[in-house]
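First comes the structure, then the notes that go with it.
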Number of protein chains: 2
Amino acid sequence: MTVTLREVAAAAGVSIKTVSNVINGYAHISARTREAVEKAVADLGYQPNLSARGLRSGRTGAIGLVIPDLKNPYFAELAGSVMRAASQHGLAVFVEQTGGDRAQELAVLASPRMRMADGILFSVTGLDQADAATVAFPVTTVLLGERIFGAGADHVTMKNVEAARAATEHLIELGRSRIVALGARPHEVSGSAGLRLRGYREALEAAGIPFRDELVVDATPWHRADGARAVRELLAAGTGFDAVFAFNDTLAFGAMRALGDAGLGVPRDVAIIGFDDVDEARYSMPALTSIDPGRDEIAETAVRLLAARIGGDSTEPFVLHEAAFRIVTRESTGG
Amino acid sequence: MTVTLREVAAAAGVSIKTVSNVINGYAHISARTREAVEKAVADLGYQPNLSARGLRSGRTGAIGLVIPDLKNPYFAELAGSVMRAASQHGLAVFVEQTGGDRAQELAVLASPRMRMADGILFSVTGLDQADAATVAFPVTTVLLGERIFGAGADHVTMKNVEAARAATEHLIELGRSRIVALGARPHEVSGSAGLRLRGYREALEAAGIPFRDELVVDATPWHRADGARAVRELLAAGTGFDAVFAFNDTLAFGAMRALGDAGLGVPRDVAIIGFDDVDEARYSMPALTSIDPGRDEIAETAVRLLAARIGGDSTEPFVLHEAAFRIVTRESTGG
DNA sequence: ATGAAAGCGCTAACAG
DNA sequence: CTGTTAGCGCTTTCAT
């Protein structure tokens with residue numbers, strides 16, 4: 001049933017080495033030979049056995065993508081971008097979900113399945129700085145996400161502080177000054193929430209707008225309902241505000257809903273900007289202004305770095321790449 | 001660097017066959033030998049080389065999941081379920097997106113990457129009945145989704161007609177009689193839209209409620225904005241209705257938004273039910289009643305069938321499995 | 001219950 | 001420019 005190199009070689013009247021050379025695009029082959037081989041390959045429907053190639057070459061041609069959860073639109077879209085980038089490099093992508101859980105992240109790293117990959121893209125969430133020293137990556141790894149997490153790997157991240165600052169400045173430019181920071185986490189410093197809050201503060205300071213504790217609200221775990229609840233509580237408490245910087249788009253959707261229910265207009269009464277620029281932001285009503293954190297750039301860069309490491313640059317110093325972000329202006333801020 | 005069976009065998013003072021037996025859980029091994037081997041495995045941190053195993057055994061231990069688009073929450077969640085089910089069987093999952101496009105579906109099937117899988121789960125969208133005769137699946141395939149698409153493979157699908165009928169009946173039981181079918185497609189018969197419309201008709205007929213053309217509205221491509229637009233047009237046209245059966249949840253979210261904007265209460269003025277039961281249905285406001293089409297059952301069954309085929313039941317007749325659905329009642333229908 | 005040895009299909013030295 | 005050949009690490013007869 002399965003056709004091997006040997007059979008192709010026999011059919012083409014050459015040695016298997018020549019067939020291998022043709023298949024792998026080796027340069028110095030006479031046109032006649034190449035044609036004969038290509039014909040035999042086509043006639044027999046030859047397809048290389050990837051396990052054999054992998055055993056011999058030490059490469060599988062696959063990379064692993066380890067993320068918290070595909071249910072989260074940000075990660076689903078990131079996975080899509082990674083798959084697109086990987087296919088440019090001829091790499092297959094297999095995905096592992098961790099639930100953002102420390103124990104599961106460790107379990108996935110230790111899993112024998114990971115050895116099917118030449119390298120992994122690992123979006124760390126549960127592991128923390130303290131684990132950095134202990135954790136052993138089973139294969140070449142590129143880290144995704146905002147944590148620093150030691151230096152044992154290349155790292156691709158987003159400009160959380162700068163993007164958050166720009167988001168806040170965008171609202172300030174609209175003439176808003178009572179801006180809610182929706183999704184802040186009081187005790188977090190180095191995670192997304194901490195960094196985005198820092199950008200928020202910087203923008204306020206630069207504009208000379210006082211920072212008000214009552215406008216900084218927690219809304220864990222950043223689901224739609226959390227955004228709605230938080231905004232409802234603000235309204236109930238009589239806290240005045242004219243803009244919301246939501247730390248992710250999902251929170252923003254919830255906030256918009258709560259504002260609508262309260263009869264407030266977006267952006268007339270309250271302008272809103274989100275973060276992530278998920279697909280749905282284009283389709284919400286009103287369409288949501290958001291920060292595109294550079295998802296495609298993150299995916300492409302991460303895959304490129306990983307492919308390069310796999311290709312052999314193991315001596316290069318580790319790289320930290322911060323993707324460029326941009327504000328995507330839509331109806332929710334008057335665009 | 002990499003530890004092989006040979007080294008483990010040397011360390012344990014046995015042959016590589018014995019080590020292999022221990023690792024693969026072969027029965028007849030003395031306790032002392034097993035312990036010695038396990039100790040050596042642990043000490044040396046041995047991990048099997050999956051390419052070598054694959055070459056020898058003819059199995060890679062991976063399956064492919066071919067779907068239209070991870071951006072679509074239904075497929076993102078399906079992928080999550082598939083990965084969970086696959087990991088029960090010790091299988092890795094790699095994902096390929098097709099964009100639901102016929103050409104890309106063919107390209108993916110022909111891709112050498114597919115040969116990295118022992119089998120694939122293929123959610124067909126672009127290929128149609130006419131392709132059924134021509135298409136060659138590169139490996140064992142289980143089809144996902146509502147199309148019949150020939151009989152050259154096992155097939156796992158959902159009860160579209162029955163579920164749609166139940167959804168409509170649920171609205172009728174609430175006392176509603178002017179029920180919008182949101183997302184119908186006039187000329188489609190065998191796709192989801194056609195089947196769901198059929199269930200809708202059946203429910204109306206059974207209840208003696210007249211079928212009204214003006215309540216059946218197209219809203220392609222089933223995005224949130226399409227649902228909102230369609231509902232707005234209905235309202236503008238003065239078409240009275242007291243319920244909406246949305247053919248997917250995203251349409252339902254859009255519809256709810258448009259109703260809210262128009263000052264109509266859900267479910268007071270208009271009850272709404274969706275289809276898919278995506279995660280977001282729990283978090284929308286109001287929370288959306290929806291049809292769970294049996295996503296987990298679909299994933300588990302498909303993986304189980306595929307694993308069985310891979311395991312060797314190639315002579316078994318092809319199976320058609322229709323997953324059980326259920327209505328998940330939430331606020332949007334007064335739950 | 002354990003060992004010896006063949007060979008899965010491919011790539012890459014090394015020859016010629 | 002092309003052919004010969006030696007393994008990659010594992011599973012699996014076939015012996016013992």
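Every chain is numbered from 1 and lettered A, B, ... according to where its sequence line falls, protein lines coming before strand lines.
Checking A/Asn160 against A/Ser192 by side-chain atom types alone, no donor-acceptor pair falls below 3.5 Å.
One interatomic measurement links the two molecules: CZ of A/Arg6 to C1' of C/dC8, which rounds to 10 Å at whole-angstrom precision. Spacing between atom CD of A/Glu7 and atom C1' of C/dC10 amounts to 14 Å, rounded to whole angstrom units. Summarising the geometry, the separation between CD on B/Gln47 and P on D/dG9 is reported as 15 Å, rounded to the nearest angstrom. Computed from coordinates, the B/Leu5 CG to C/dA5 C1' distance equals 15 Å when rounded to whole Å. Summarising the geometry, the separation between CG on A/Asp118 and P on D/dC8 is reported as 19 Å, rounded to the nearest angstrom. The distance from atom CD1 of B/Ile16 to atom C1' of C/dG7 is 12 Å, rounded to the nearest whole Å. Regarding B/Asn21, its CG atom lies at a distance of 9 Å from the C1' atom of D/dT11, rounded to whole Å. Across the protein-nucleic acid pair, B/Ile23 atom CD1 and D/dG9 atom P stand 14 Å apart, rounded to whole Å.
Minimum atom distance to the side chain of B/Ala52 is reached by D/dG9, of the listed C/dG3, C/dT11, D/dG9. Checking D/dG9, D/dT12, C/dC10 against every side-chain atom of A/Leu55, the shortest atom distance belongs to D/dG9. When distances are taken from the side chain of B/Arg56 to each of D/dA6, D/dC10, C/dG3, the shortest belongs to D/dC10. Picking from D/dG3, D/dC10, C/dC10 the nucleotide with the shortest atom distance to the side chain of B/Arg53 gives D/dC10.
If you check every strand for non-hydrogen atoms under 4.0 Å, B/Ser57 touches nothing.
Residues B/Val95 and A/Val93 fail the side-chain proximity criterion, which asks for heavy atoms closer than 4.5 Å.
Toward the 5' end of DNA chain D, the nearer of the two residues B/Lys17 and B/Ser51, judged by each one's closest nucleotide, is B/Ser51.
Of the possible donor and acceptor atoms, one in the side chain of B/Glu105 sits under 3.5 Å from a partner among the backbone N and O of B/Gly126.
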*Dump the intermediate steps for side chain to side chain contact (heavy atoms under 4.5 Å, CB included) on A/Glu297 and A/His321, then the final yes or no.*
CA-CA 10 Å; A/Glu297 180 182 341; A/His321 180 98; 2.8 Å; yes
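At least one side-chain nitrogen or oxygen of B/Ser20 sits closer than 4.0 Å to the OP1 or OP2 atom of D/dT11. Phosphate contact (OP1/OP2 of C/dG3, side-chain N/O of B/Thr18, threshold under 4.0 Å): present.
One finds the OG atom of B/Ser111 at 11.5 Å from the CD atom of B/Gln104 (value rounded to the nearest 0.5 Å).
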